[in-house]
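Here's the structure we're looking at; comments come further down.
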Amino acid sequence: MKVGVDTTGNSGKFLFDTALVGNSNAGHSFESAPRGKGVIGRLLTDEERWAIIEYLKSIPTEVGQVTPFGGPKNPIKAWEDKTFFHVKTKTGYDGRYEPAEPKQKQGAGKPPTPALGQEMVAAGEAEFIEAIVKQTLDRLKAQYPAGKGPVLRDAHPKTHGLVQAEFIVLDDVPKNLQHGIFAKARKFDALIRFSAGGTAVQSDTIPQGQGMAIQVLGIEGQNLLEGAKTQDFVMINFPTFFVRNLKDYEDFHLALASGKGKILEFFKAHPAEAEASYQLSNQPFHNPLQVRYWSQTPYKLGPHAIKFSARPITNRTNAKPEKTDPDYLREVMVKQIGSEDVYFEFLVQVQTDPVKMPVEDSLVEWKEADFPFQRVALIRIPKQDISAPANLKTAEKMSFSPWHALPEHRPLGSINRARRVIYQTVFEFRRKMNEVPRRESSESPK
Ligand code: HEM
């Protein structure tokens with residue numbers, strides 16, 4: 001391993017002239033001598049000097065970089081590696097993520113633990129939401145200049161397929177979970193859109209988060225979004241989101257608007273977000289019907305706060321096909337659903353610990369090993385032909401939103417609060433630009 005000054009003189013480097021004041025190589029010194037005249041500390045042992053070099057080598061300079069070199073695969077979890085300098089030498093730093101709690105003022109008592117399901121609205125939240133909506137619309141207008149093709153979703157623009165399904169509430173739902181659409185055993189019609197994340201349509205060979213949005217149809221009762229007659233469950237193929245809260249998201253969003261360099265800067269300053277973003281985009285994903293999806297953010301279920309998840313019931317293994325062309329995920333999906341029924345189980349995880357299962361920090365996974373999920377419904381996707389291009393066109397006319405919901409399933413937390421207006425605004429914009437007639441969101445698309 002080489003460390004020290006780069007003397008290659010390659011293009012992009014500059015001459016460091018040590019004759020200039022302040023550039024000399026006299027440096028500062030650690031000596032057994034009085035302080036001053038460049039001496040700033042005691043003599044370091046040989047071991048301490050090597051430790052400094054090891055420390056320098058352990059600092060990541062790029063997102064996703066493997067450090068220490070030749071060390072763990074995952075730099076963000078370097079402290080879990082017994083060879084990691086800080087672990088070996090017990091410096092007291094273990095880089096572990098502490099769940100965000102309101103900063104304590106000196107002398108103040110411990111901040112109060114939130115109650116189960118309790119939301120906390122940070123100062124300035126409305127302004128953050130307004131700014132995100134504006135930035136999103138500005139980006140869409142730039143991305144899709146008027147008249148140049150249909151405006152796609154700002155997020156998850158690529159549809160793998162839209163399927164008709166049955167959402168079957170089971171007759172053995174535990175009593176304490178019998179709320180909202182899970183109040184009694186019943187079969188609902190549903191539509192499910194499988195999508196790829198990102199802000200632009202990309203080849204399926206590029207790693208990215210993947211979505212499963214369920215729209216349960218024919219929902220009676222007062223909906224949280226006026227006019228909606230559906231209960232939607234919007235999920236991604238990873239248990240946590242990649243930012244903690246709306247402030248975090250706003251910082252990311254600003255970076256997104258300023259280009260790649262700023263995004264890297266954001267992730268350098270936010271290693272836990274970098275790790276979650278990497279994981280979220282890099283899960284093995286070769287068939288949308290053979291992987292598990294999670295809500296990532298919490299929701300109400302009657303008096304409880306929950307997260308939900310859809311897990312495939314199958315012995316198929318999400319194996320990578322031999323041929324992976326840019327739209328291969330649609331192809332494998334069309335093929336599978338064209339030849340067999342597909343099943344998922346729909347699960348909920350009840351919040352029982354407000355600290356280990358926070359409502360306002362969507363980077364913290366509610367650990368399944370400690371807090372298990374329970375099955376409340378089955379999803380049956382009967383064998384069907386979704387190969388026609390009309391299948392994709394129909395999906396474009398639709399809107400899925402966490403806020404298409406009964407009050408018993410109200411979305412919780414700042415990320416979800418923002419999604420209420422953002423999804424609606426983006427859908428309205430798409431609808432207007434694409435000249436799609438207004439329609440009730442529960443209407444089954446033809
Ligand atoms: C502040 C955070 C978020 C923002 C600003 C955001 C924004 C958006 C927007 C604008 C759309 C397109 C809406 C439309 O045109 O109909 C969308 C779709 C989607 N989002 Fe988010 N989102 C956020 C968080 C999340 C989270 C936490 C999840 C995790 C489940 C998620 C999953 C999805 C999925 C799966 C879709 C596609 C839905 C469909 O099939 O229509 N989003 N998001």
Side-chain angles (χ1 to χ4, degrees), residues 125 128-140 143-144 150-163 190-201 208-215 225 228 230 232-254 256-257 273 276-277 280-281 288 292-299 307-310 360-363 365 392 394-404 411-434 436 441 445:
E125 185 168 297
F128 284 148
I129 297 177
E130 209 176 299
I132 294 168
V133 169
K134 184 176 174 313
Q135 288 152 16
T136 305
L137 288 181
D138 286 351
R139 189 150 47 82
L140 279 178
Q143 201 171 340
Y144 302 100
V151 178
L152 304 182
R153 287 165 174 82
D154 165 65
H156 292 259
K158 182 172 188 177
T159 305
H160 299 314
L162 177 70
V163 297
L191 290 161
I192 306 177
R193 175 176 178 260
F194 291 90
S195 62
T199 54
V201 172
Q208 55 208 313
Q210 307 283 344
M212 175 183 189
I214 305 175
Q215 188 150 87
L225 275 196
T230 67
D232 296 3
F233 296 109
V234 181
M235 292 171 283
I236 288 182
N237 64 326
F238 190 66
T240 72
F241 198 39
F242 74 102
V243 291
R244 293 187 194 293
N245 51 38
L246 210 52
K247 167 75 184 82
D248 225 6
Y249 186 81
E250 163 68 352
D251 291 349
F252 169 76
H253 213 240
L254 282 175
L256 191 66
E273 284 81 346
S277 172
L280 197 154
S281 315
R292 184 169 174 186
Y293 300 84
W294 289 262
S295 68
Q296 301 187 332
T297 48
Y299 293 77
K307 288 190 180 180
F308 52 80
S309 174
E360 292 290 354
D361 189 338
S362 43
L363 251 195
E365 184 179 353
L392 300 177
T394 303
E396 285 315 308
K397 293 185 200 156
M398 296 180 69
S399 161
F400 294 80
S401 166
W403 287 86
H404 291 163
L412 295 173
S414 69
I415 296 290
N416 271 343
R417 288 193 293 275
R419 291 166 86 190
R420 178 178 194 139
V421 51
I422 292 168
Y423 282 52
Q424 211 178 3
T425 312
V426 171
F427 175 59
E428 274 304 315
F429 179 73
R430 291 198 286 124
R431 198 187 60 71
K432 205 171 106 213
M433 298 302 287
N434 300 339
V436 176
S441 58

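Counting starts at 1 for both ligands and their atoms, in listed order.
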* Asked: For E428, does the CD atom have more than 12 heavy-atom neighbours from other residues, nucleotides or ligands under 6.0 Å away?
  -> yes

* Sole candidate of L152, V151, N434 that passes side chain to side chain contact (heavy atoms under 4.5 Å, CB included) when paired with E396 -> L152

* Output, by chain and residue number, all protein N/O/S atoms separated from atom 21 (Fe) of ligand 1 by less than 2.8 Å. => Y423 OH

Does any part of the side chain of [Y], heavy atoms only, come nearer than 4.5 Å to the side chain of [X], both counted from C-beta?
X    : Y    : value
Q296 : S362 : no
R420 : L225 : yes
S277 : F238 : no

* To do: Report the residues that fulfil salt bridge (Lys or Arg N to Asp or Glu O under 4.0 Å) with R417, sequence neighbours left out, ordered by chain and then residue number.
  => E119, E125, E360

* **Within reach of ligand 1, part of M235 (heavy-atom separation under 4.0 Å)** => backbone

For [atom], grab the closest protein heavy atom and report residue, atom and distance to one decimal in Å.
atom                    : answer
atom 40 (O) of ligand 1 : R193 NH1, 2.6 Å
atom 29 (C) of ligand 1 : Q296 OE1, 3.1 Å
atom 15 (O) of ligand 1 : R430 NE, 2.8 Å
atom 41 (O) of ligand 1 : R153 NE, 2.7 Å
atom 4 (C) of ligand 1  : Y249 OH, 3.9 Å

Within a distance under 4.0 Å of any heavy atom of [X], pick out the atoms of ligand 1 and give their elements.
X    : result
I415 : 1 (C), 2 (C)
I236 : 28 (C), 29 (C), 30 (C), 31 (C), 32 (C)
D154 : 10 (C)
S295 : 29 (C), 30 (C)

* To do: Could you list the residues that satisfy side chain to side chain contact (heavy atoms under 4.5 Å, CB included) with K247, not counting sequence neighbours?
  => F128, N245, D251

* To do: Might you work through the side chain to side chain contact (heavy atoms under 4.5 Å, CB included) test for K158 and Q208, ending with a clear yes or no?
  => CA-CA 11 Å; K158 182 172 188 177; Q208 55 208 313; 5.9 Å; no

* To do: Check the side chains of T136 and D154 for a donor-acceptor pair under 3.5 angstrom, ignoring hydrogens and angles.
  => no

* Asked: For atom 27 (C) of ligand 1, which candidate among F241, F242, F128 holds the nearest heavy atom?
  -> F241

* Asked: Can you list the steps and then say if L191 with T230 is a side chain to side chain contact (heavy atoms under 4.5 Å, CB included)?
  -> CA-CA 10 Å; L191 290 161; T230 67; over 6 Å; no

* side-chain hydrogen bond (donor to acceptor under 3.5 Å, both in side chains) with S195: which residues, sequence neighbours excluded? -> H156

